[in-house]
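Note sheet for the following structure.
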Amino acid sequence: MTNSNATVLVVGGGFAGVGCATELAKHDVDVTLVDRLNVHQFQPLLYQVATAELAVVDVARPLRGIFHSLPSVTLRQDEIEAVDLDARSVTTKNGEVYSADYLVLAAGSRPNFFDTPGAEEHSFPLYSVMDANRLRTRLFEVFEDADRDAERIDQGALNIVIVGAGPTGVETAGAVADLVNEVMPKRYRDLDISRTRIYVIDHGSAVLAAFSEKSQAYAAKRLTDLGVTLRMHTGVEAVEADRVVLDDGSEILTRTVVWAGGIQAPLLLEGAGLPTGKGGRAEPEPDLTVADHPHVYAIGDIANHSADGEHLPQLGSVALQVGRWAARNIIADMAGQPREPFEYHDKGIMAMIGSGSAVAEVGRRHHELHGPVAFSAWLGVHAWLMSGVRQRVDAFVSWAWDFLGSNRDDALIDPDRPVIDWGDEDDEGAEPAASTT
């Protein structure tokens with residue numbers, strides 16, 4: 001326990017921010033945590049909310065619930081607009097100013113649309129529970145519309161396009177395929193579900209680029225077996241309200257474009273004066289502080305963290321580790337002890353590919369697991385990362401209920417959604433809904 005009266009301001013309630021604040025609270029350090037939503041979101045499972053495998057309450061927990069037994073943590077719900085590194089303070093959109101002896105920037109990330117025309121307006125990213133709810137509504141909405149009027153299929157109602165073949169894109173594609181293959185036929189008995197087409201589009205040569213070639217091959221075969229069409233070496237030129245335009249000149253009619261094409265730093269970093277690198281993210285020092293500001297830390301998805309000379313992926317496990325490490329360095333600094341360079345404990349990488357199947361590379365990625373065994377590992381790791389016992393139990397119950405009975409009790413459509421305007425578009429030249437190319 002530290003005897004210092006120093007205070008800490010943490011910006012962001014994701015894995016990094018919560019990990020840091022929790023570790024500091026164990027030492028009775030006074031912490032103010034500011035978050036736009038005041039909710040801790042389990043981002044790795046948002047695609048399961050979008051496909052109605054899990055409920056919102058399974059992946060989102062109020063920060064006040066997490067810190068209710070830690071009185072040294074004060075919570076504030078506000079959106080940060082500006083950062084002052086020298087003053088170790090932030091200013092909110094409401095004009096409120098928060099400052100402390102130590103400033104920890106853990107504000108996460110936002111989608112990177114790479115200036116693709118129409119992508120931000122017409123696609124569905126998956127970075128918040130609101131995003132997941134929007135996508136879930138759209139997925140069931142297009143099936144409802146096609147069931148009501150089969151001509152909607154020819155207008156792309158049952159074409160689902162996923163941009164990006166990384167873990168988010170692959171996991172989303174597998175979950176959507178399960179939804180289409182196992183759930184929709186039971187709900188829409190008069191609809192020709194076989195006309196559904198799921199596409200994964202990526203510039204790269206293989207899915208799951210960060211994994212081994214063996215894992216990539218397994219994932220590609222598994223997705224193909226589920227009915228997913230892989231369009232590799234292909235980019236997206238534009239996203240329109242009724243189609244995607246590809247860089248080879250072809251088009252796919254669709255009203256559902258999932259954007260899993262990458263992330264970038266949040267807007268609050270702009271003008272903050274931090275050294276930045278890939279994705280506009282901060283480039284912290286080895287001890288996680290910002291250059292020339294030893295009392296300012298940049299952690300989690302807002303920063304590019306490195307190990308053995310290579311940037312680490314933006315994963316929940318990485319964010320949690322840097323959050324706790326930053327807290328320990330702050331505590332050491334308060335006690336007049338040296339800060340330590342961050343050391344990453346590689347727990348491996350994994351991705352789920354539909355019900356009962358996954359790829360995992362664990363133990364510094366020397367051990368590869370595929371199929372049901374990897375899926376079991378995936379379940380264990382994601383349950384461990386969840387912030388509450390209730391969430392873990394609810395998630396396991398939902399997974400078991402879904403995998404055994406292919407049921408989706410959370411398949412709800414938001415009644416206040418914007419209604420799709422099907423209109424009478426000129427569809428000449430676009431790829432028809434029944435195409436397999």
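Positions are given from 1 along the sequence. None of these values were measured; they are calculated from a predicted model.
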Task: Aromatic plane relationship, Y297 with Y102 - under 30° parallel, 30 to 60° tilted, over 60° perpendicular - done: tilted

Task: Expected output: side-chain N159 to main-chain L253 donor-acceptor under 3.5 Å - done: yes

TODO: Check whether any side-chain N or O of Q321 sits under 3.5 Å from a backbone N or O of H345 as a donor-acceptor pair, and report yes or no.
DONE: yes

Task: Polar side-chain atom of R134 near backbone of V129 as donor-acceptor pair, under 3.5 Å - done: no

- [ ] May I ask you to say whether R110 pairs ionically with E270, meaning some side-chain N is under 4.0 Å from a carboxylate O?
- [x] yes

Open item on the list: Can you confirm whether E310 is buried at CD, in the sense that more than 12 heavy atoms of other residues, nucleotides or ligands lie under 6.0 Å from that atom?
Closed with: no

Open item on the list: Please check: side-chain N/O of D202 versus main-chain N/O of G235, any donor-acceptor pairing under 3.5 Å?
Closed with: no

Open item on the list: Would you compute the distance between atom CD1 of I349 and atom CG of L315 and round it to the nearest 0.5 angstrom?
Closed with: 8.0 Å

Task: Trace of the side-chain contact (heavy atoms from CB on, under 4.5 Å) decision for T168 with Q43 - done: CA-CA 10 Å; T168 299; Q43 280 189 312; over 6 Å; no

- [ ] Answer yes or no: is there a donor N or O on one side and an acceptor on the other, between the side chain of R88 and the main chain of V296, under 3.5 Å?
- [x] no

- [ ] Examine distances only and state if a side-chain atom of D58 and a backbone atom of A55 form a donor-acceptor pair shorter than 3.5 Å.
- [x] yes

Open item on the list: Just checking W259 against F113, ring centres under 6.0 Å apart?
Closed with: yes

